[in-house]
Each structure stands twice: as structure tokens, then as C-alpha cells.
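Throughout, residue positions are numbered sequentially from 1 according to the sequence presented. Here the structure is a predicted model, which means the values were calculated and not measured.
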Amino acid sequence: MVRDWKQWEGRIVNNTFPLRQYLGGSERSVVFLTERRGREPQKAAIKLIAVDPANTALQLARWEFAAKLSHPHLLRLFETGSCQLDNVVLLYVVMEYAEDNLAQILPHRPLTPEEVRDLLGPALDSLAYLHGHSVVHGRLKPSNIMAAHDQLKLSSDSVMRADEPVRADSKASVYDAPEIAAGKLSPAGDVWSLGMTVMEALTQRVPACEGIAEPVLETVPAPFMGIAHCCLRRDPLRRCPVADIAGRLRSNSSSFLSPSPSSSSSSSMPQRPSTLRIPAASAKWRYILPVAGVGLLGAALLIGPKLFHQQPEPQAVSSVSSPAPQVSQGPSSRHSSTQPSEQQTVPPAAQTRTRGADAKPSPQKAGKRNQGTNGTAPAEIVEAAPPVIERSAAPASGGRVLQQVAPAVSRSARDTITGTLRVRVKLDVDSSGNVARATFITAGPSKYFARQAMQAAQQWKFTPAQVNGKAAHSTWTLNFGFRRSGTEVVPEEGKP
């Protein structure tokens with residue numbers, strides 16, 4: 001039966017884990033946002049599943065084993081146990097919280113070959129690690145390819161030992177290898193799932209495979225065509241192990257030899273930070289996994305996350321005198337050593353044209369000469385340059401921007417943007433000029449960029465608006481425009 005999982009929002013599991021927000025669910029399981037208690041509460045996700053009492057010990061043992069695994073591209077499991085809600089006995093696992101997932105991106109656009117290459121590296125690393133420990137992922141698909149803390153990670157709550165029996169009556173998905181229906185689980189099954197995911201990432205469709213000898217593959221660029229062919233062979237003994245797939249990805253050769261049945265599938269690959277980010281411009285996500293890394297399409301991920309970078313661009317705080325300045329944030333690589341990473345510019349409407357000393361004089365002025373008393377050549381009279389006038393767009397009684405803060409966006413996240421990703425934040429400003437309340441008018445398609453915009457907006461400061469000579473409350477709207485080249489912020493003041 002399909003349960004109304006959302007009704008459990010606000011409940012507490014074993015007096016320890018609050019169910020903060022419903023993130024997604026199926027017939028057998030549900031995921032909520034929760035937090036781990038400590039000196040500083042840590043955001044996490046909690047998965048609840050209804051299981052047959054006969055399988056309770058087996059499932060808990062699987063999770064406990066998976067919690068001991070350690071790899072930079074595997075989601076961490078923290079705690080497991082059993083609980084009861086509304087007379088329903090459940091098992092739970094508390095895991096690392098992931099902001100986005102690849103499944104959020106693909107309904108909006110396919111990934112580019114470069115994005116798929118960036119996705120495959122971390123995925124192959126983690127699969128090689130699992131297979132090297134004689135375990136399999138078991139449920140590799142786009143919704144289980146996630147982004148957590150700017151790092152691409154695979155889910156780990158489905159990890160099983162390769163020799164464990166699988167319930168043949170369990171409902172198979174399009175990502176499951178054919179032999180799963182017979183209860184056979186092996187690393188070759190993960191390879192099949194990987195091939196299906198790669199083809200869907202490039203074409204937005206999984207290959208047709210029902211009732212035919214081999215899946216029908218659309219044409220995709222090299223080396224992915226060869227990778228898909230060797231992943232999606234019905235005979236698991238003829239599929240390529242992950243080490244061979246990684247070798248093809250590195251060499252990008254035009255041919256890929258079939259492995260012998262005895263080829264090892266557990267060759268470890270270097271463990272290094274992911275270079276992938278799920279695109280930020282994918283549709284609003286709801287659990288799991290802002291990588292990828294995949295380029296967060298412009299927002300598109302999203303995932304989208306493209307390339308992860310551990311260090312965000314420095315955040316600059318500047319004081320401004322212009323009432324409606326426009327902030328432009330360019331790539332750090334284009335700044336000179338004397339320039340801050342966030343640059344402030346005055347909008348074109350707020351500038352007037354000036355003429356310097358080298359400006360061409362008017363005909364009338366050019367004809368006038370000043371004859372010296374000593375007979376020297378006359379000096380040309382040059383018109384002095386008028387001062388720059390900053391015109392205030394705000395009414396005389398309105399406030400002005402006193403301090404502006406640009407969002408701190410990592411280079412890897414910015415590289416995922418296509419076009420302009422817009423976020424609008426409304427600020428309620430008190431009579432002292434501080435932000436009393438900030439709310440979204442438009443949050444945009446990416447949780448990552450919305451969060452960065454909100455954090456920056458809450459730090460803005462203003463000179464108070466004046467009503468009848470007294471400081472008054474006011475409202476402002478900050479219009480954020482995130483692009484690969486930088487961030488633009490245009491403030492608009494409401495009526496005081």
C-alpha cells in the first residue's frame with residue numbers, strides 16, 4: 001500500500017531524530033531532513049523503511065557494514081536502528097545530507113560529454129572501491145548520484161555483499177541488470193546500471209532492452225559509445241569491469257577490447273576529490289542530489305552538481321554611497337593584484353559623460369589663444385572636465401545602500417551556469433538600517449545559489465528612510481543575477 005509519509009513531518013524518531021521535512025518516498029521507504037545532535041546540530045537525512053520482520057537483522061547488518069566503508073565519493077552512514085510510528089515498525093538509517101541529485105537535471109536537458117566524463121571519474125572510483133571489498137552498490141541510477149558539500153557521491157544505503165541472495169520477486173527497475181530477476185547479484189550488475197545511466201545522461205532516455213537480445217543504443221560520442229556497448233551486454237561475464245572502463249575513459253581510444261571472463265572487477269582507482277558538480281539549474285530537487293557536477297545547467301543542476309572546487313571565491317564587503325549600486329563579480333582569474341575579487345560598478349543610468357584634459361575642445365574654444373607677455377607661443381585653452389554626477393534613483397526621503405555583500409560562490413559552482421540564474425530577495429529594513437527580515441520573491445531553480453543569495457542579502461546595511469524627518473522602516477528588493485562571468489546585484493527600494 002502507498003503510505004502518506006508526509007504526515008509524519010514534525011515527529012521525532014526515538015526521541016533523537018526530528019523529522020524536519022519530507023524529502024521523498026516510495027511504497028516501502030521515505031526520506032526526511034533531520035539533524036544530529038551535538039555541540040552544533042548537524043543537518044542530515046534519515047531514511048525509514050518498512051521491512052519484513054524476518055529480514056530486519058539482515059538489513060541492519062548491511063547498513064552497519066556500509067557505515068564502516070570510507071571513500072570520498074560514497075555518502076556516509078552515521079546511525080541505524082529501529083523505531084515505531086503510528087504502530088508501524090520501521091528501520092531507520094541516518095546518513096549524510098545531499099543537496100542535489102542527477103535525476104533532477106535530466107528532465108530538463110542532457111549532459112554534455114564533458115559533464116559525463118566528470119561524472120564517470122568519481123563514480124568509477126567508488127565502484128572500484130566497493131567491488132574491491134566484495135560488495136556491490138545494487139541501485140546505481142541518476143537519483144542515487146548525488147552532490148554533498150560540493151562533492152559528487154553515490155548513495156551507500158543499498159550496499160550489499162556480492163554473494164548475498166536477492167529476492168527474485170522484488171520489483172526491478174530499468175536500471176537493473178537482467179540477471180537480477182533470477183536473484184543474482186554481482187559487480188557486473190553495477191556495470192549494467194552504469195551503462196544505462198551514461199546513456200540516459202547523454203540522451204535523456206534509457207536504451208530499449210525489453211524483449212530483445214541486446215539493448216538498442218543511440219549514437220553518442222566516443223568514448224561513451226564503446227563504454228555503453230561493453231556495459232550493456234546481457235551476458236554478465238562479457239561486461240567490462242570498472243577498471244577497464246576507467247582505462248578507456250583515460251585513453252579515449254576508438255576501440256575497446258572485450259574483457260575475458262576472468263578479468264578482475266575490483267581494481268582500485270586513485271581516490272581524489274571529485275571535479276564534478278551537479279548543475280545548479282536543474283528543477284527544484286527533493287532528495288537527494290545544488291553535482292553535477294555535472295554542470296548545473298544554467299541553471300539546469302543542475303545539476304547541476306560541473307567542476308567542484310573546494311575553496312569559494314572570497315567574499316567582499318564594501319561600503320557604498322550610491323543609493324542603487326550594481327555589483328559585478330568577475331572571475332578571480334581576471335582580477336589584478338590590486339583589485340578585490342568583488343567589484344562595484346555604478347549603473348549606466350547613474351553616470352554622466354566626462355571630458356578629461358585630453359578631450360577635443362569645441363571649435364569656439366580651440367580658436368582662442370592666450371598670448372604671453374614674453375612673446376612665447378600662445379597656450380591652448382582647454383575646457384576643464386566637469387565632475388562626475390551620481391544621480392540618486394531613490395526619492396529624497398528614501399534610504400541608501402550603506403554596505404553591500406556579494407554572494408560567495410565557488411568557481412566550480414559558477415562554471416555550471418548557462419545563461420543567467422536569477423534570484424530576488426525582499427528585505428524588510430528597520431529604522432536603524434539593518435535587515436530585520438529577508439524573504440524570497442523568486443528563489444530560482446537552484447537551492448545552492450538561492451542559499452548564497454540569501455546569506456549575502458541578510459548582511460546588507462542601509463541608511464534609514466526618512467518620513468516626516470524621522471528614521472522609518474523601509475523595504476528593498478535585491479535582484480541577483482548569477483552568471484559564469486560574475487554576479488550582478490541590483491537593489492531597488494520600495495516606498496518607505
Are any of the side-chain heavy atoms of [X] and [Y] separated by less than 4.5 Å?
| X | Y | answer |
| --- | --- | --- |
| Cys240 | Arg233 | yes |
| Val116 | Val220 | no |
| Glu164 | Leu58 | yes |
| Arg411 | Arg414 | yes |
| Cys231 | Phe224 | no |
| Pro236 | Trp192 | no |
| Gln84 | Leu90 | no |
| Pro207 | Val216 | no |

Has [X] got a side-chain atom pairing as donor or acceptor with [Y]'s backbone, closer than 3.5 angstrom?
| X | Y | value |
| --- | --- | --- |
| Trp8 | Leu85 | no |
| Gln452 | Ala408 | yes |
| Arg62 | Met160 | no |
| Thr420 | Gly481 | no |
| Thr56 | Ala54 | no |
| Ser193 | Gly189 | yes |
| Asn14 | Thr16 | no |
| Ser29 | Ser26 | no |

Heavy atoms only: give me the nearest [X]-[Y] pair and the separation to one decimal.
| X | Y | result |
| --- | --- | --- |
| Leu75 | Ala148 | CD1-CB, 4.1 Å |
| Leu249 | Gly121 | CD2-N, 4.2 Å |
| Met95 | Val93 | CE-CG1, 3.6 Å |
| Leu427 | Ala438 | CD2-CB, 3.6 Å |
| Ser82 | Leu91 | CB-CD2, 3.7 Å |
| Val405 | Ala456 | O-CB, 3.4 Å |

Do the charged groups of [X] and [Y] touch, with an N to O distance under 4.0 Å?
| X | Y | result |
| --- | --- | --- |
| Glu96 | Arg36 | no |
| Lys141 | Glu200 | no |
| Glu179 | Arg239 | yes |
| Arg117 | Glu114 | no |

Using 0.5 Å steps for rounding, measure from the [atom1] atom of [X] to the [atom2] atom of [Y].
| X | Y | atom1 | atom2 | result |
| --- | --- | --- | --- | --- |
| Ser155 | Asn144 | OG | CG | 3.5 Å |
| Glu99 | Ser446 | CD | OG | 10.0 Å |
| Gln7 | Leu19 | CD | CG | 11.5 Å |
| Leu111 | Gln204 | CG | CD | 8.5 Å |
| Leu120 | Ile245 | CG | CD1 | 8.0 Å |
| Gln455 | Gln458 | CD | CD | 7.5 Å |

Between Thr80 and Val94, is a side-chain contact (heavy atoms from CB on, under 4.5 Å) present by the stated rule, with each step listed? CA-CA 6 Å; Thr80 65; Val94 179; over 6 Å; no
Just by distance, with hydrogens left out, do [X] and [Y] show a side-chain donor and acceptor under 3.5 Å apart?
| X | Y | value |
| --- | --- | --- |
| Ser156 | His137 | no |
| Asp125 | His71 | no |
| Ser70 | Arg76 | no |

Do the ring planes of Phe482 and Phe480 sit parallel (below 30°), tilted (30 to 60°) or perpendicular (above 60°)?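 Parallel, since the angle between the ring planes stays under 30°.
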Which label fits Phe32 and Tyr22: parallel for a plane angle under 30°, tilted from 30 to 60°, or perpendicular past 60°? perpendicular
Please report the C-alpha distance between Met454 and Val425 in whole Å, then the side-chain angles of each, then the deciding distance to 0.1 Å, and finally whether the side-chain contact (heavy atoms from CB on, under 4.5 Å) criterion is met. CA-CA 7 Å; Met454 178 61 74; Val425 179; 4.1 Å; yes
So among Thr442, Thr477, Asn479, which one has a side-chain hydrogen bond (donor to acceptor under 3.5 Å, both in side chains) with Arg424? Asn479
Taking atom CG as the centre, does Asp86 end up with more than 12 heavy-atom neighbours from other residues, nucleotides or ligands that are less than 6.0 angstrom away? yes
Arg437 atom CZ, over 12 foreign heavy atoms within 6.0 Å: no
Arg205: which residues meet the salt bridge (Lys or Arg N to Asp or Glu O under 4.0 Å) condition with it, sequence neighbours left out?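 Arg205 satisfies salt bridge (Lys or Arg N to Asp or Glu O under 4.0 Å) with Glu218 once adjacent residues are dropped.
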Check the pair Glu79 / Phe17 against side-chain contact (heavy atoms from CB on, under 4.5 Å), numbers first and verdict last. CA-CA 11 Å; Glu79 300 176 58; Phe17 301 109; 3.5 Å; yes
Decide side-chain contact (heavy atoms from CB on, under 4.5 Å) for Leu154 and His73; before the verdict, give the C-alpha distance in whole Å, the side-chain angles of both, and the deciding distance to 0.1 Å. CA-CA 6 Å; Leu154 301 186; His73 301 308; 5.7 Å; no
Exactly one of Asp118, Ile145, Leu102 should register a side chain to side chain contact (heavy atoms under 4.5 Å, CB included) with Leu152. Which one does? Ile145
